[in-house]
Amino acid sequence: MSPRIFYALALCIVILGGAGLFLREKPSKAGPADFRYTQASKAYSLELTPTFSLEKDPFALNPDESPALVVSLGDKELLALDSVPEGEPVLLEEIPGLVRGMNEFFIKATPSAASASGAHALRVRLLQGPVVVAEESYWTGQGLPVNAVFRAELERSEKETSHGE
């Protein structure tokens with residue numbers, strides 16, 4: 001066997017063996033902290049007030065399965081209504097699945113054919129009793145549905161915000 005081949009094999013064994021020994025003896029880093037969602041402790045409600053009347057989308061592929069108003073939190077559908085009169089507030093009480101920290105609601109509101117002209121607005125408010133926690137108005141153009149993501153951050157306890165210090 002040629003000395004060059006012997007030196008090449010010896011060098012590979014030393015490099016791979018050293019790297020393996022280093023990785024085995026190196027202290028492991030602590031993994032990421034456990035992140036747990038905690039349920040919001042107080043009763044919240046969601047209020048939606050459209051400036052236009054809502055009806056099922058007549059141009060949907062399956063109009064019978066296309067509600068006029070849909071509200072979802074994460075992958076859970078919280079509300080689906082077939083029609084809502086103009087200016088009438090829709091109140092969703094005791095929202096399941098709210099957590100302390102950031103919550104995102106997906107809202108889709110389809111205007112009726114009669115109210116398709118002009119701009120439309122949908123006012124969304126998250127309430128804790130009579131207190132407004134978060135509020136947003138979403139606007140859309142003539143005849144277009146309102147597709148919105150409403151974000152609301154719920155209070156965290158002092159222990160959660162201090163990062164355990």
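Keep in mind that the numbers below use all heavy atoms, side chains included, and drop hydrogens, waters and symmetry copies.
Ser83 contributes atom OG, which lies 9.0 Å from atom CD of Glu88 (distance to the nearest 0.5 angstrom). In this structure, the separation between CG on Leu78 and NZ on Lys76 is 8.5 Å, given to the nearest 0.5 Å. Taken from CG in Leu16 to CG in Leu21, the straight-line distance is 12.5 Å, to the nearest 0.5 Å. Here the straight-line distance linking atom CG of Asp57 with atom NZ of Lys108 works out to 6.0 Å at 0.5 Å rounding. Taken to the nearest 0.5 Å, the CZ atom of Arg123 stands 4.5 Å off from the CD atom of Glu135.
Using a 4.5 Å cut-off on side-chain heavy atoms (C-beta onward), Pro50 and Val84 make contact. Side-chain contact between Phe106 and Glu104 is absent, with no heavy atoms from C-beta onward closer than 4.5 Å. With a 4.5 Å cut-off on side-chain heavy atoms, Leu69 and Ile107 count as touching.
At a threshold of 4.5 Å between side-chain heavy atoms, the hydrophobic network of Ile, Leu, Val, Met, Phe, Trp and Tyr places Val90 and Leu126 in one connected group.
In terms of modelled atom types and a separation under 3.5 Å, the side chain of Ser53 and the main chain of Ser112 share no donor-acceptor contact. A distance-only check finds no donor-acceptor pair linking the side chain of Asp75 to the backbone of Leu73 [under 3.5 Å].
The two residues Ala113 and Glu55 make their nearest non-hydrogen contact at N-OE1, 4.4 Å. Between Pro145 and Pro111, the shortest heavy-atom distance links the atoms CA-CD, 3.7 Å. For the residue pair Phe150 and Tyr138, the shortest heavy atom distance occurs at CA-OH, 3.1 Å. Across all non-hydrogen atoms, the minimal contact from Ile95 to Leu92 is CG1-O, 3.9 Å. Heavy-atom minimum distance, Leu127 versus Val133: C-CG2, 4.3 Å. Shown here for Glu93 and Ser45, the closest heavy-atom pair between the two residues is CA-CB, 3.9 Å.
Using bins of under 30°, 30° to 60° and over 60° for the plane-to-plane angle, the ring pair Phe52/His120 lands in the tilted bin.
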Problem set entry | Derivation and outcome, side chain to side chain contact (heavy atoms under 4.5 Å, CB included), residues Trp139 and Thr51 | CA-CA 10 Å; Trp139 291 84; Thr51 62; 5.6 Å; no
Exercise. Do Leu54 and Leu81 pass the side chain to side chain contact (heavy atoms under 4.5 Å, CB included) test, and can you show the C-alpha distance, the side-chain angles, and the key distance before you say yes or no?
Worked result: CA-CA 9 Å; Leu54 304 175; Leu81 298 175; over 6 Å; no
